[in-house]
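Chain letters run A, B, ... following the sequence lines, proteins first, then strands; residues in each count from 1.
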Amino acid sequence: MITKRTDNFDIDQICVSGQCFRMERTAGGTYSVIAGDRYVEVAQEEDRCTFYCGAEEFEAFWRDYFDLSNDYGAYIESIDTKDEYLRKAAEVGSGIRILRQDLWEMTASFLISQQNNITRIRKCISNICEKYGEKKEALSGSTYYAFPRPEALAELGEDDLKECNLGYRSKYVVRTARSITSGEADLDYIRSLPYPEAKAELLKLYGIGEKVADCICLFALHELDAFPVDTHISQALKRHYRRGFPKRRYNGYRGVMQQYIFYYELNGKP
DNA sequence: TATCAGGCCCTAG
DNA sequence: CTAGGGCCTGAT
């Protein structure tokens with residue numbers, strides 16, 4: 001295990017922010033995090049976090065995963081002092097980080113997320129992992145399931161994932177998995193592209209529209225300019241930004257502001 | 001019973 | 001190009 005001082009980092013806020021679906025509070029008050037085929041537990045007290053993994057693994061993977069080398073205080077300080085709504089939202093969600101998650105896992109996860117609620121999204125993903133993912137054992141001895149590779153889902157029938165409660169999204173996931181294994185879509189290539197081109201490639205996949213593509217860009221490709229607009233964000237923007245959200249002001253990190261607003265709308269209000 | 005939840009696809013006009 | 005119906009499923 002390794003303990004780090006962490007500013008503007010709140011593991012609970014990250015957990016409920018809705019960008020990751022395989023992080024949860026454990027009985028012991030720590031958080032379990034599954035990313036691809038990796039697993040770690042995190043405990044936080046104030047501004048000190050303990051990661052239950054070796055120092056090498058922390059440096060090689062989890063530091064980047066949690067975006068710990070980035071200065072979110074600077075993002076928050078840049079907010080327009082006259083924009084009380086955004087300042088409040090950022091204050092409430094100041095511990096949020098934009099994680100660097102796996103591209104395939106985010107693609108499948110946000111295909112599932114559409115017209116769906118977070119509780120059920122988590123359930124769907126957990127079902128898929130248990131049915132098609134590799135069973136693994138953590139250092140602590142607890143077992144978990146890795147997220148299945150595209151190959152494992154590509155061979156299914158289009159409706160087979162309905163058994164995992166995906167409903168009509170089943171064919172979206174299966175067809176997209178097939179596009180990837182067939183080489184029709186190349187995730188390594190997409191990863192190498194700048195934001196607009198990467199988004200355009202993602203939009204070619206069956207079941208991926210504007211909102212889902214932006215979520216994938218933000219949470220997997222770490223394109224901080226991606227600004228996913230869902231029903232909640234859309235309503236918040238109408239209420240607080242009649243003349244449109246000042247995207248220009250936050251050029252380069254608009255997606256961070258989107259997350260503060262999203263978190264505030266869903267979890268921040270009394 | 002109807003509506004909605006972190007949309008997208010497809011078809012008409 | 002824009003509007004609108006249909007789609008799985010569970011919660012309210």
Side-chain angles (χ1 to χ4, degrees), chain A residues 12-24 89 92-93 96-99 101-103 105-132 153 156-180 184-185 198-241 245 254-269:
Chain A
D12 187 68
Q13 287 182 10
I14 294 168
C15 183
V16 301
S17 67
Q19 59 180 300
C20 52
F21 304 104
R22 307 196 71 202
M23 186 182 300
E24 59 186 23
V92 170
I96 295 172
R97 298 265 161 166
I98 309 294
L99 303 180
Q101 300 183 79
D102 178 75
L103 180 52
E105 183 172 346
M106 288 300 98
T107 300
S109 296
F110 282 96
L111 276 171
I112 294 166
S113 80
Q114 63 183 260
Q115 200 65 18
N116 208 342
N117 61 62
I118 294 187
T119 310
R120 202 158 79 88
I121 297 167
R122 295 187 117 102
K123 187 78 175 165
C124 290
I125 292 173
S126 143
N127 290 343
I128 291 183
C129 292
E130 283 178 30
K131 187 154 187 184
Y132 300 104
L153 304 186
L156 301 178
E158 291 195 347
D159 290 333
D160 286 356
L161 289 177
K162 286 184 178 176
E163 289 176 29
C164 295
N165 270 292
L166 266 68
Y168 68 90
R169 307 162 194 83
S170 173
K171 63 176 180 294
Y172 294 165
V173 175
V174 174
R175 280 208 218 173
T176 293
R178 287 180 192 160
S179 298
I180 291 165
E184 178 191 336
K199 181 174 173 180
E201 287 301 310
L202 289 168
L203 284 170
K204 292 178 185 172
L205 294 166
Y206 187 63
I208 297 186
E210 283 283 326
K211 188 270 177 180
V212 169
D214 272 331
C215 284
I216 298 168
C217 287
L218 184 56
F219 302 129
L221 302 178
H222 210 70
E223 292 289 356
L224 297 187
D225 253 344
F227 194 97
V229 178
D230 54 56
T231 55
H232 294 120
I233 291 289
S234 172
Q235 286 175 32
L237 295 188
K238 275 180 197 147
R239 276 201 301 277
H240 301 283
Y241 300 95
F245 185 74
R254 297 163 188 160
V256 179
M257 299 300 139
Q258 189 272 7
Q259 279 296 282
Y260 292 145
I261 295 172
F262 186 77
Y263 180 85
Y264 187 54
E265 289 295 322
L266 270 74
N267 309 297
K269 296 185 170 177

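Mapping heavy-atom proximity under 4.0 Å, the span of DNA chain B touched by chain A runs 5' to 3' from B:dA5 to B:dC10.
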Per-nucleotide protein contact along nucleotides 3-9 of chain C, 5' to 3', at a 4.0 Å heavy-atom cut-off (B base, S sugar-phosphate only, - neither), is ----BBB
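Put simply, the side chain of A:D230 reaches to within 4.5 Å of the side chain of A:F262, judged on heavy atoms. Inter-residue side-chain proximity for A:Y132 and A:L156 is flagged as met; some heavy-atom pair is nearer than 4.5 Å.
Residues from residues 205-216 of chain A with heavy atoms under 4.0 angstrom of DNA chain B, sorted by number: A:L205, A:Y206, A:G207, A:I208, A:G209, A:E210, A:K211, A:V212, A:C215.
Side-chain atoms of A:Q114 never come within 3.5 Å of backbone atoms of A:R169 as a donor-acceptor pair (strictly under, hydrogens ignored).
Evaluation of the salt bridge (Lys or Arg N to Asp or Glu O under 4.0 Å) rule for A:R254 yields A:D225 as partners, not counting sequence neighbours. When the side chain to side chain contact (heavy atoms under 4.5 Å, CB included) test is applied to A:S179, the partners found at least two apart in sequence or on another chain are A:E184, A:A185, A:L205. In this structure, the side chain to side chain donor-acceptor pair (under 3.5 Å) partners of A:K131, at least two apart in sequence or on a different chain, are A:E163. Residues passing the side chain to side chain contact (heavy atoms under 4.5 Å, CB included) test with A:C129, sequence neighbours excluded: A:R22, A:I125, A:Y145, A:F147, A:P148. A:R178 is linked by a salt bridge (Lys or Arg N to Asp or Glu O under 4.0 Å) to A:E158, counting only residues two or more places apart in sequence or in another chain. A search for side chain to side chain contact (heavy atoms under 4.5 Å, CB included) contacts involving A:Q13 returns A:D10, A:I96, A:Y263, not counting sequence neighbours. Not counting sequence neighbours, the partners of A:Q19 by the side chain to side chain donor-acceptor pair (under 3.5 Å) test are A:S17. Legend: residues meeting side chain to side chain contact (heavy atoms under 4.5 Å, CB included) with A:E210, ordered by chain and number and at least two apart, are A:K199, A:L203, A:D214.
Nucleotides C:dT2 and B:dA5 have their P atoms positioned 24 Å apart, rounded to a whole Å. Taking atom P in both B:dG6 and C:dG6, the straight-line distance is 23 Å, to the nearest Å. Nucleotides B:dC10 and C:dC8 place their P atoms 13 Å apart, quoted to the nearest Å.
A ring-centre distance under 6.0 Å is found for A:F110 and A:F21.
Along DNA chain B, the nucleotide closest to A:L203 and the one closest to A:H232 are compared, and the more 5′ of them pairs with A:H232.
Here the closest non-hydrogen pair linking A:L221 and A:A198 is CD1-CB, 3.8 Å.
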Secondary structure of DNA chain C per the Watson-Crick/G-U criterion (both distances under 3.5 Å; [ ] crossing, | other strand, . unpaired) is |||||||.||||
